[in-house]
Amino acid sequence: MRTLRLVNLHCNKIDDDNTNTNTKLNKTFLTVDNGRFHIFGPESLMNGSDWKVNVDVQFNKQAKISFFDEDLVKNLSTTKHFRNYIVEENDIDDKPKKISFATSNANYVLTFEII
């Protein structure tokens, strides 16, 4: 059995109007499916902000990390809007890993570890 540690989620907003004044908060969620469904959030993020998730989830063989924000929740019936990443128990490394989740208005970087 391994432990998936969700460390931090960082938000980088996409500047659609080139004014650098994009300060709207996005409510974000993370889920982990390891045979049981775990949900974390909502957490309000804006450009440059961080969510110190600091959550450990144990898993066997693999776990699926999913990301969605408030806009994606409105489209729950269309699963293509979900952003997923699968971790496997043999993905152990001495340093944290980073994965990106992109939406139409922001890029998010999740830092995690497998211990």
Side-chain angles (χ1 to χ4, degrees):
M1 182 167 286
R2 297 286 181 209
T3 299
L4 169 64
R5 177 170 290 153
L6 303 177
V7 179
N8 186 68
L9 184 67
H10 179 77
C11 175
N12 290 308
K13 297 285 279 182
I14 296 172
D15 187 9
D16 292 331
D17 61 6
N18 294 323
T19 62
N20 294 322
T21 60
N22 198 345
T23 58
K24 180 182 177 238
L25 291 172
N26 281 356
K27 289 186 180 175
T28 59
F29 301 82
L30 290 169
T31 65
V32 175
D33 185 354
N34 64 344
R36 290 184 51 209
F37 189 74
H38 306 269
I39 187 164
F40 308 100
E43 184 71 21
S44 296
L45 296 175
M46 57 188 254
N47 188 29
S49 64
D50 288 296
W51 172 14
K52 304 285 189 217
V53 185
N54 294 327
V55 170
D56 290 347
V57 177
Q58 291 188 328
F59 70 99
N60 286 317
K61 296 185 183 177
Q62 68 179 25
K64 181 171 68 171
I65 303 169
S66 298
F67 167 86
F68 50 101
D69 67 10
E70 193 171 29
D71 294 334
L72 298 178
V73 170
K74 295 173 189 170
N75 296 313
L76 285 177
S77 62
T78 54
T79 56
K80 69 180 183 176
H81 292 286
F82 285 93
R83 310 300 189 251
N84 300 310
Y85 184 83
I86 295 176
V87 296
E88 297 187 1
E89 64 184 352
N90 59 356
D91 289 342
I92 298 174
D93 199 343
D94 289 339
K95 49 188 164 185
K97 296 181 181 211
K98 295 185 182 215
I99 53 173
S100 296
F101 299 104
T103 67
S104 60
N105 64 355
N107 292 317
Y108 297 88
V109 177
L110 175 66
T111 303
F112 70 94
E113 301 172 332
I114 299 174
I115 51 176

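- Residues Val7 and Val53 fall into different hydrophobic clusters, defined by Ile, Leu, Val, Met, Phe, Trp and Tyr side chains chained together at heavy-atom separations under 4.5 Å.
- Asn60 meets the side chain to side chain contact (heavy atoms under 4.5 Å, CB included) test with Met1; sequence neighbours excluded.
- Pairs of residues two or more places apart, or lying in two chains, never qualify as salt bridge (Lys or Arg N to Asp or Glu O under 4.0 Å) while including a residue from residues 102-111.
- Among residues two or more places apart in sequence or in another chain, the side chain to side chain contact (heavy atoms under 4.5 Å, CB included) test is passed with Lys95 by Asp93.
- Here the side chains of Phe101 and Ile65 are in contact, with some heavy-atom distance below 4.5 Å.
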Run the side-chain donor-acceptor check on residues 29-46: report pairs under 3.5 Å with partners two or more places apart or on a different chain.
residue, atom, partner, partner atom, Å
Asp33, OD1, Gly35, N, 3.1
Asn34, OD1, Arg36, N, 3.1
Asn34, OD1, His38, NE2, 3.1
Asn34, ND2, Gln58, O, 2.4

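- Note: Asn107 CG to Asn47 CG = 10.5 Å, rounded to the nearest 0.5 Å.
- Using a 4.5 Å cut-off between side-chain heavy atoms of Ile, Leu, Val, Met, Phe, Trp and Tyr, with links allowed through other members, Val55 and Leu9 fall into the same hydrophobic cluster.
- Partners of Lys98 according to the side chain to side chain contact (heavy atoms under 4.5 Å, CB included) rule, which considers only residues two or more places apart in sequence or in another chain, are Val109, Thr111.
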Check: Please walk me through it: do His10 and Asn12 pass side-chain hydrogen bond (donor to acceptor under 3.5 Å, both in side chains)?
Finding: CA-CA 7 Å; His10 179 77; Asn12 290 308; 3.1 Å; yes
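- Partners of Asp56 by side-chain hydrogen bond (donor to acceptor under 3.5 Å, both in side chains), not counting sequence neighbours, listed by chain and number: Arg5.
- By the side chain to side chain contact (heavy atoms under 4.5 Å, CB included) test, Asp91 is found to be paired with Val87, Glu88, Lys97, Ile114, residues two or more places apart in sequence or in another chain being considered.
- Ile92 and Phe59 fall within a single hydrophobic cluster, where Ile, Leu, Val, Met, Phe, Trp and Tyr are joined by side-chain heavy atoms under 4.5 Å apart, directly or via other members.
- Tyr108 pairs by the ring pair (Phe, Tyr, Trp, His ring centres under 6.0 Å) definition with Phe67, not counting sequence neighbours.
- Note that OG1 of Thr3 is 11.5 Å distant from CD of Glu89, once rounded to the nearest 0.5 Å.
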